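What follows is a set of notes on a single structure, which appears directly below.
Computed from a predicted model, the values in this text were never measured in an experiment. Convention: sequence-line order gives letters A, B, ...; per-chain numbering from 1.
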2 protein chains.
Amino acid sequence: MSSPKSETPKLNKGQQTKALILETALELFRERGYEQTTMRDIAEKANVALGNTYYYFRSKEHLIQAFYHRTQEELLAASEPILAKERSLKARLLGIMRARLELIEPYHQFAGVLFRTAGDPKSPLNPFSVESLETRKQSTATFEQVVGGARLRIAIPADLYAELPNLLWIYQMGIILFWIHDTSPNRIRTHQLIEHTVDIVAKLITIATFPLVRPLIKRTLRLLATFRQDLDNLPAPNLDEEIDKDELDSGLEP
Amino acid sequence: MSSPKSETPKLNKGQQTKALILETALELFRERGYEQTTMRDIAEKANVALGNTYYYFRSKEHLIQAFYHRTQEELLAASEPILAKERSLKARLLGIMRARLELIEPYHQFAGVLFRTAGDPKSPLNPFSVESLETRKQSTATFEQVVGGARLRIAIPADLYAELPNLLWIYQMGIILFWIHDTSPNRIRTHQLIEHTVDIVAKLITIATFPLVRPLIKRTLRLLATFRQDLDNLPAPNLDEEIDKDELDSGLEP
DNA sequence: GTCTATAACCGGATAGAC
DNA sequence: GTCTATCCGGTTATAGAC
């Protein structure tokens with residue numbers, strides 16, 4: 001391959017320029033927002049030619065995608081100390097959620113753009129896309145640790161336990177959706193929300209272990225599994241084929 | 001005012017042109033998608049000048065907003081016969097959800113755009129915006145009828161009962177989010193999803209009436225009420241001030 | 001392979017005349 | 001209310017330099 005003798009290649013020229021462009025872009029996005037920042041602005045401030053920004057980032061949105069990945073790595077790094085320190089499920093989950101909020105706070109003003117493109121099924125940025133599969137897995141892995149490393153006071157049925165990380169991932173997406181729309185100063189509203197909901201989540205898990213709701217839980221888990229398989233692009237089983245006898249009359253009709 | 005003597009004003013010139021532009025646009029959107037349709041295409045096919053389309057619709061997105069409102073009306077109309085016919089909560093909810101899906105199916109391919117802009121907090125299209133308040137209220141009103149006109153076999157606590165329409169509205173938003181990302185033929189996946197989840201929703205309501213979970217329900221309802229007030233732009237009460245004694249130890253920590 | 005410079009294209013949006 | 005001309009910014013293309 002190239003430069004077999006170079007001792008510390010670290011960042012070659014190209015990577016440096018790429019990083020420069022990204023940092024400049026994010027700076028401008030933070031300062032004046034996404035729409036108000038033109039590609040020409042970015043090129044000018046970074047002292048590169050307009051064409052060069054396109055050499056490194058195929059489009060303006062790809063700059064966001066790059067930010068997205070960078071943040072994802074920071075998120076993973078920020079999670080470690082929390083997971084090492086906290087032992088209760090509630091504290092672990094709350095810690096992770098707080099860390100996430102803090103990390104993304106500076107970008108709140110252009111988070112809308114992120115979510116706007118993320119909401120488009122055709123966008124590679126959307127959390128359900130094939131391109132996001134890796135990110136989603138990493139993210140879910142964090143929640144696996146949240147659950148797996150927690151000291152639990154009750155026994156959680158295996159099937160529910162296995163699905164918890166995915167459920168928490170969905171929970172997290174909901175919180176981010178709220179955060180994007182949160183206009184309260186410093187996003188206190190979202191902080192209040194996680195404090196309350198983390199608690200509620202913990203209690204829901206407990207309730208989910210009660211025998212009375214067992215059929216409902218089983219059924220819901222089956223539903224979730226089916227649709228997650230869709231997401232992961234595996235052939236999904238036919239839901240209608242397996243009607244659980246448990247289900248037939250659980251007597252829970254209002 | 002103008003034309004005080006005209007007998008049947010019906011559609012004046014302006015309204016006609018506006019309607020023509022909208023219908024032409026939607027036709028093109030359906031045929032070739034949103035992005036592939038340019039404002040120039042629309043203007044040309046409708047035989048009006050480009051500038052004229054902007055006279056009636058402030059932006060390309062506003063065409064979607066118009067579609068959004070038109071659909072909303074159709075939705076309300078389609079709901080009536082269902083609510084008149086079905087009596088059980090489950091059947092009423094399922095009927096409404098099915099009607100919604102059928103109505104929006106032809107527009108599935110550009111639904112992504114709808115949701116993309118709808119995800120942007122700055123967009124008037126987003127379901128939480130002030131501009132959407134009226135639509136949201138109408139939509140919630142439908143769910144009020146769903147609940148209010150249902151023959152229930154159990155007694156639902158007043159506070160939960162009052163919040164149900166809003167909860168169902170959120171449920172509906174979740175389903176639409178799924179629908180947008182659903183690539184299965186004829187959206188069977190979403191249809192399966194509503195069939196199963198409507199059932200689950202019904203059972204959850206029943207469970208929510210159990211005394212054991214009462215404190216959790218109360219707390220969750222309070223949380224919801226607070227944040228909904230934010231949405232409606234009312235001053236929100238401070239959540240932390242009122243800690244419910246019921247809550248202190250419900251013994252539901254995992 | 002990395003980068004510059006420049007011109008051009010395209011389509012959403014606007015201004016201003018009629 | 002309707003039109004034409006124009007702007008603006010994302011994006012592409014090209015041609016050439018290190």
Side-chain angles (χ1 to χ4, degrees), chain A residues 1-6 9-22 24-26 28-29 31-67 110 113-114 116-117 120 122-125, chain B residues 1-3 6 9-22 24-25 28-29 32-67 110 113-114 116-117 120 122-125:
Chain A
M1 294 295 166
S2 62
S3 64
K5 279 191 167 178
S6 73
K10 295 220 165 178
L11 287 184
N12 59 38
K13 192 79 185 300
Q15 288 170 318
Q16 267 181 40
T17 311
K18 185 170 182 176
L20 171 68
I21 293 171
L22 178 59
T24 309
L26 292 181
L28 287 172
F29 289 165
E31 272 172 28
R32 54 177 100 157
Y34 180 78
E35 340 272 356
Q36 284 65 249
T37 305
T38 72
M39 291 299 273
R40 288 164 177 89
D41 289 341
I42 297 168
E44 194 181 352
K45 180 151 186 187
N47 283 314
V48 296
L50 174 62
N52 206 14
T53 66
Y54 280 96
Y55 179 78
Y56 288 107
F57 299 95
R58 285 210 275 134
S59 75
K60 198 178 174 185
E61 278 193 8
H62 277 77
L63 282 164
I64 299 229
Q65 193 168 21
F67 154 74
F110 76 89
V113 189
L114 214 171
R116 195 175 56 197
T117 58
D120 184 350
K122 282 165 233 143
S123 165
L125 267 181
Chain B
M1 297 292 169
S2 60
S3 66
S6 74
K10 294 220 166 179
L11 287 183
N12 59 38
K13 191 80 183 301
Q15 288 170 318
Q16 265 179 41
T17 312
K18 185 170 182 176
L20 171 67
I21 293 170
L22 179 58
T24 309
L28 287 172
F29 289 165
R32 54 177 100 157
Y34 181 78
E35 339 274 356
Q36 284 65 248
T37 305
T38 72
M39 291 299 273
R40 285 163 178 90
D41 289 341
I42 298 168
E44 193 181 352
K45 179 151 186 187
N47 282 315
V48 297
L50 173 62
N52 206 13
T53 67
Y54 281 96
Y55 177 80
Y56 288 107
F57 300 94
R58 286 211 276 134
S59 74
K60 198 178 173 185
E61 280 191 8
H62 277 77
L63 282 165
I64 299 229
Q65 193 168 24
F67 155 73
F110 75 90
V113 190
L114 213 172
R116 194 175 57 198
T117 59
D120 184 350
K122 283 164 233 142
S123 166
L125 266 181

- Message: Return the CG to NZ distance between A/L20 and A/K45, rounded to the nearest 0.5 Å.
- Response: 10.5 Å
- Whole-Å distance, B/Q36 CD to C/dG12 P, equals 11 Å
- Comparing B/G51 with A/K60, nearest DNA chain D nucleotide closer to 5' gives the residue B/G51
- Message: Heavy atoms only, 4.0 Å cut-off, all strands: where does A/D41 land among base, sugar-phosphate and nothing?
- Response: nothing
- Query: D/dG10 P sits how many Å from A/I42 CD1, rounded?
  - Reply: 8 Å
- Query: When we call it a touch if two heavy atoms are under 4.0 Å apart, what does B/T53 touch: a base, just sugar-phosphate, or nothing?
  - Reply: nothing
- Query: Taking N and O atoms by type only, does the side chain of A/R40 place a donor or acceptor under 3.5 Å from a partner on the base of D/dT11?
  - Reply: yes
- Item | N/O donor-acceptor pair under 3.5 Å between A/N52 side chain and A/Y55 backbone | no
- Determine: side-chain N/O of B/K13 to OP1/OP2 of D/dT2, distance under 4.0 Å, yes or no. yes
- Roughly how many Å is it from CG in B/L50 to P in D/dT2, rounded to a whole number? 14 Å
- Can you find a heavy atom in the side chain of B/I21 that is under 4.5 Å from one in the side chain of B/T24? no
- Query: Counting just side-chain N and O atoms, does B/N52 come under 4.0 Å of either OP1 or OP2 of D/dC3?
  - Reply: yes
- Item | Protein-nucleotide distance (A/Y54, atom OH; D/dG10, atom P), rounded to Å | 6 Å
- Does a side-chain N or O from B/Y55 land closer than 4.0 Å to OP1 or OP2 of D/dG1, or not? yes
- Item | Cation-pi, B/Y34 ring and B/K60 (6.0 angstrom, 45 degrees) | yes
- Atom CZ of B/F57 and atom P of C/dG11: how far apart are they, to the nearest Å? 21 Å
- Nearest to side-chain heavy atoms of A/V48, which nucleotide of D/dG10, C/dT4, D/dT2: C/dT4
- Query: Rounded to the nearest Å, what distance is computed from the CE atom of residue A/M39 to the P atom of nucleotide C/dC9?
  - Reply: 20 Å
- Query: For A/K18 and C/dG1, what is the distance between atoms NZ and P respectively, to the nearest whole Å?
  - Reply: 15 Å
- Is there a donor-acceptor contact under 3.5 Å from the side chain of B/Q15 to the main chain of B/N12? yes
- Quick one: B/E35 CD to C/dC10 P, roughly how many Å, whole number? 18 Å
- Could you work out which one of C/dT4, D/dT11, D/dA5 sits closest to the side chain of A/A49? C/dT4
- Item | Phosphate OP1/OP2 of D/dT2 contacted by B/T17 side-chain N/O (<4.0 Å) | yes
